[in-house]
Structure formats: structure tokens, C-alpha cells
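First the structure, in the form of C-alpha cells, and then the observations on it.
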Amino acid sequence: AQSVSQHNHHVILSEAASLELGCNYSYGGTVNLFWYVQYPGQHLQLLLKYFSGDPLVKGIKGFEAEFIKSKFSFNLRKPSVQWSDTAEYFCAVIFNNAGNMLTFGGGTRLMVKP
Amino acid sequence: GAVVSQHPSWVICKSGTSVKIECRSLDFQATTMFWYRQFPKQSLMLMATSNEGSKATYEQGVEKDKFLINHASLTLSTLTVTSAHPEDSSFYICSARDSAGVVEQYFGPGTRLTVT
């Protein structure tokens, strides 16, 4: 069955540290890939998305993600995190045989220590 | 642009009563809306896909008679939790896809339901 997995459930970093959150999916066909962020008490916001083209996509707030098709991965990165990046991060995938249905990963809770 | 609202944002009801949650796309038309459920510290689980003018498509394990979905217009979908029980307490989130054909979904702020 198609699935999305985020291996890091909880990540704690100090400010200015670099961040990489893993996202893998299981599906051999075409995908659309998304990263969402949910700040405490707020709703989901789109950080970035990949549909086609350059596999390195840049999003808001200094985030970027790289689609590596051979590894079925779409990892999220940020070179230097800030305390305000404390939030939960969700990877989501639309599998092309599933209409427009988003399948979410389990989420990664990031805490950045000031 | 692309704002989705939900009402109410928070509701407490007694066991056995029904609760209606509204999801509105404020500045675009949405042929398709989605309803998710999020338990504390967990990810979003898709409950159903709501299509304007037709019956909703429910995911496996979601009781369609308990979670009634109506998508009566291109800007409004409602989720009614019938005969609510404490185990229905959760965070319900809707999203909407622009009818213009963009794949991206826009999320509402969510509704926290507590059943006592």
C-alpha cells in the first residue's frame, strides 16, 4: 500500500543549527510532494511543494527540500534554524493514482532551544 | 488569497447530540473539499472527500452514517457528527482544492470537538 513515512518523530536543536527532516514514500509512479508546517495553536501552512522540474525546491522562511526519485525521498532542510521554527512538520504526498488525495506522514515535532 | 475558514473553531457537546461543522472557501470556488481528523500529537487522517453536488467518498473505516457530509455549494461543505460520543472528540480539519485545477489544497484552521 502507498504510504508516507517520517522517521524523525521528535527533533530538538539549538538555534543556528542545521535541520534536515526525512520523508520517504512508497510508490513507483508519479507523485506530487508537499511539506506543511503547523505552529502551536495554528493551522497547517504550506512550506513548499514539488510537482515537476528542478528537484531542489525552495519554500518560505528559508526552507528547501530535495526530491530524490531513486530514493523515494523528499527531505526538508534549513541551514540555520530559529526559535520561531518550533512547530510540527508534515510531509504529504499525492499519488497520481489517488486523485487529489493527500497522504500525510506521521509528522515531526521540532523544538528549537533559544 | 486562498483562504479557508471553519466554524465553529471550538465546540463542546454532550454525548448523544449532533454537531455540525462548516468549511468555507472564502475567495475561490472549491469543487472538492476534504475532511481530516487529527488526534493529539498525531498526523492528519483523511476521513472523506467531498464533491460539490454529489455524494462524499469515505475512507475505509469511517462510518458514513455517523459523519454526514454535505457539499451543497462551491464554497461550502459541512460535516455533521451524529450521536456524538467521547471517542469522537478530536480536531477536525477541512481543506479545499481550487476548482481552477490547481492540485494544491488549502487548509482551514480546524475545529476542536469535545464530547462530554
Side-chain angles (χ1 to χ4, degrees), chain A residues 1-11 21-25 29-53 57 59-60 86-111, chain B residues 1-10 21 23-26 30-52 54 56-62 71 77 91-112:
Chain A
Q2 298 146 354
S3 64
V4 182
S5 60
Q6 293 179 240
H7 304 295
N8 315 102
H9 299 294
H10 291 91
V11 174
L21 301 182
C23 173
N24 288 88
Y25 64 91
T30 304
V31 293
N32 298 132
L33 302 158
F34 305 81
W35 273 98
Y36 288 90
V37 61
Q38 188 175 33
Y39 297 103
Q42 297 189 28
H43 64 279
L44 281 170
Q45 299 175 41
L46 180 68
L47 272 179
L48 47 79
K49 60 190 176 188
Y50 171 81
F51 290 168
S52 63
V57 291
I60 61 171
T86 294
E88 185 140 21
Y89 293 81
F90 293 96
C91 177
V93 180
I94 294 178
F95 301 105
N96 80 335
N97 67 343
N100 293 302
M101 190 181 84
L102 270 171
T103 300
F104 281 84
T108 298
R109 192 171 294 271
L110 171 67
M111 179 182 294
Chain B
V3 177
V4 176
S5 69
Q6 281 184 243
H7 177 81
S9 57
W10 182 43
I21 302 170
C23 176
R24 293 182 184 271
S25 57
L26 297 185
T31 306
T32 304
M33 291 183 173
F34 303 86
W35 287 96
Y36 296 85
R37 188 171 177 176
Q38 185 181 27
F39 289 105
K41 300 183 179 180
Q42 294 189 29
S43 186
L44 284 79
M45 298 297 295
L46 180 66
M47 298 175 65
T49 303
S50 167
N51 294 293
E52 187 266 337
S54 64
T57 303
Y58 291 81
E59 294 302 302
Q60 193 172 12
V62 178
H71 194 155
S77 175
F91 197 51
Y92 292 88
I93 302 172
C94 75
S95 70
R97 190 176 78 86
D98 194 325
S99 298
V102 178
V103 173
E104 183 177 341
Q105 295 178 26
Y106 303 100
F107 285 83
T111 297
R112 185 164 301 284

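By convention in this document, chain letters (A, B, ...) are assigned in the order of the sequence lines, proteins followed by strands, and residues within each chain are numbered from 1.
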Check: For B:M45, does the CE atom have more than 12 heavy-atom neighbours from other residues, nucleotides or ligands under 6.0 Å away?
Finding: no

Close side-chain approach of [X] and [Y], heavy atoms under 4.5 Å:
X      : Y     : value
A:H43  : B:I93 : no
B:L44  : A:L44 : yes
A:F104 : B:Q38 : no

Checklist line | Taking every non-hydrogen atom, the tightest pair across A:Y36 and B:Q105 | finding: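 Result for this residue pair: OH-O, 3.5 Å.
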
Margin query: Tell me the closest heavy-atom pair linking A:Q38 and B:F91, and the distance in Å.
Written below: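 Nearest pair, atom of A:Q38 first, then B:F91: NE2-CE2, 4.2 Å.
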
Note to self: If I measure from the heavy atoms of chain B, does A:I94 come under 4.5 Å with its side chain, its backbone, both, or neither?
What the structure shows: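 Looking at A:I94, just its side chain touches chain B.
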
Check: chain B heavy atoms under 4.5 Å from A:Q45: which part of the residue, side chain, backbone, both or neither?
Finding: neither

Note to self: Which atoms of B:E59 are under 4.5 Å from chain A, going by heavy atoms: the side chain, the backbone, both sets, or neither?
What the structure shows: side chain

Notebook entry, point to check: Roughly how far, to the nearest 0.5 Å, is the CG atom of A:L46 from the OH atom of B:Y106?
Noted result: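 With rounding to 0.5 Å, OH (B:Y106) is 8.5 Å from CG (A:L46).
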
Margin query: Is it the case that the side chain of B:S43 and the backbone of A:G105 share a donor-acceptor pair, with hydrogens and angles ignored and the cut-off at 3.5 Å?
Written below: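 Yes, the answer is positive, given that a donor and an acceptor are paired below the 3.5 Å cut-off.
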
